[in-house]
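As structure tokens, the structure follows; a few thoughts come after it.
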Amino acid sequence: MTHSLYFQLQRNALGRLVLTDAQGQSHVGVTPVRAFPIAAPDEGLSLVGPEGHELAWVPRLDQLPSAERTLLEEELATREFNPVVKRLLAVSSFSTPCTWTVETDRGQTQFVLKAEEDIRRLERGKLLISGGQGIVYQVPDMAALDRGSRKLLERFL
């Protein structure tokens, strides 16, 4: 496990990430993995090789040169899909399972809330809501939601 920033990243002709370590060895097919994707998305990033072993550790994304940071952010964006709930528009029932209609940062959608346990409270008013299709929706600050959305959501908390 390498705990330094002595590496280079680039894309090969097939679009795969290639990490060249401090010893000059190239590793094709590197995957970035966030240590804390919700709580601290820009802190703690592991660069994992195709064999599943950590090749490098990045304490903070902003410590990287802009070229490497951009490559990692592009790669992470293709792998991560966590829509942010802006508003709750409707729920089909106040008992589970029920269908929620929400407005997210990616548009309006519907998902099935299977059980009340699928809503997880995090620190400082953050929520994670697991939809029936396996997508995890984020509510960064429950208090920042409009009154109608908070009222609907409180029925499930």
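For this chain, numbers begin at 1 and follow the sequence in order. No hydrogens, no waters, no symmetry mates; every other heavy atom, side chains included, goes into these values.
The residue from Thr109, Leu89, Val91 that alone fulfils the side-chain contact (heavy atoms from CB on, under 4.5 Å) condition with Thr101 is Leu89. For the salt bridge (Lys or Arg N to Asp or Glu O under 4.0 Å) criterion with Glu75, the lone passing option out of Arg16, Arg34, Arg11 is Arg11.
Side chains of Leu157 and Met142 form a contact here, defined as non-hydrogen atoms less than 4.5 Å apart. Residues Thr31 and Leu47 form no side-chain contact, since every pair of their non-hydrogen atoms from C-beta on lies 4.5 Å or further apart. Arg155 is not listed as a side-chain neighbour of Lys151, based on a closest heavy-atom distance of 4.5 Å or more. Two residues are said to be in side-chain contact when any heavy atoms from C-beta on lie closer than 4.5 Å; Phe156 and Leu113 meet this criterion. Residues Leu145 and Val139 are in side-chain contact: their nearest non-hydrogen atoms beyond the backbone lie under 4.5 Å apart.
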Discussion item. For a side-chain contact (heavy atoms from CB on, under 4.5 Å) check, start with the C-alpha distance between Tyr137 and Val84, then their side-chain angles and the critical distance, and finish with the verdict.
Written reply: CA-CA 6 Å; Tyr137 298 85; Val84 174; over 6 Å; no
Worksheet entry | Test log, rule side-chain contact (heavy atoms from CB on, under 4.5 Å), inputs Val85 and Gln138 | CA-CA 6 Å; Val85 174; Gln138 296 181 52; over 6 Å; no
Practice prompt. Applying side-chain contact (heavy atoms from CB on, under 4.5 Å), run through Asp146 and Leu88 and close with a yes or a no.
Written response: CA-CA 9 Å; Asp146 64 273; Leu88 275 74; over 6 Å; no
Worksheet entry | Chi angles and distances behind the side-chain contact (heavy atoms from CB on, under 4.5 Å) call for Lys86, Asp105 | CA-CA 7 Å; Lys86 292 183 169 187; Asp105 61 338; 4.0 Å; yes
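Side-chain contact annotation: Thr96 with Glu116, donor-acceptor N/O pair under 3.5 Å absent. Side-chain N/O atoms of Gln8 and Thr20 include no donor and acceptor closer than 3.5 Å.
Rounded to the nearest 0.5 angstrom, Leu61 CG and Glu68 CD are separated by 11.5 Å. Summarising the geometry, atom OG belonging to Ser149 is positioned 8.5 Å from atom CD belonging to Glu103; distances are rounded to the nearest 0.5 Å. Here the CD1-CG distance, from Ile119 to Leu153, works out to 5.5 Å after rounding to the nearest 0.5 Å.
Grouping the Ile, Leu, Val, Met, Phe, Trp and Tyr side chains by contacts below 4.5 angstrom, directly or via other members, places Leu72 apart from Leu14. Phe7 and Leu76 fall within the same hydrophobic cluster, where Ile, Leu, Val, Met, Phe, Trp and Tyr residues are linked whenever their side-chain heavy atoms come under 4.5 Å apart, directly or through other members. Under the 4.5 Å side-chain contact rule for hydrophobic residues, Leu55 and Val18 do not share a cluster. A single hydrophobic cluster is seen to contain both Ile135 and Trp100, as judged by linkage of ILVMFWY side chains at heavy-atom distances under 4.5 Å, directly or through other members. The hydrophobic clustering, which links ILVMFWY residues whose side-chain heavy atoms are closer than 4.5 Å, places Leu64 and Val48 apart.
A donor-acceptor contact shorter than 3.5 Å links the side chain of Thr70 to the backbone of Ser66.
Minimum interatomic distance between Pro32 and Leu17 (heavy atoms only, all atoms of both residues): CD-CD1, 4.1 Å. Here the closest heavy-atom approach between residue Gln10 and residue Leu71 is recorded as CA-CD1, 3.6 Å. For the pair Pro140 and Lys126, the tightest heavy-atom approach, listed with the atom from each and the gap, is O-CG, 3.0 Å. Taking each heavy atom of His27 and Gln25 in turn, the nearest pair found is CD2-O, 3.5 Å. Between Val112 and Gln133, the closest heavy-atom pair is N-OE1, 4.3 Å. Contact between Glu54 and Ser46 at its shortest, heavy atoms only, is OE1-OG, 2.6 Å.
Contact check on Arg60 versus Glu43 returns a salt bridge, with a Lys/Arg side-chain nitrogen under 4.0 Å from an Asp/Glu carboxylate oxygen.
Counting non-hydrogen atoms of other residues, nucleotides and ligands closer than 6.0 Å to CZ of Arg106 gives a total above 12.
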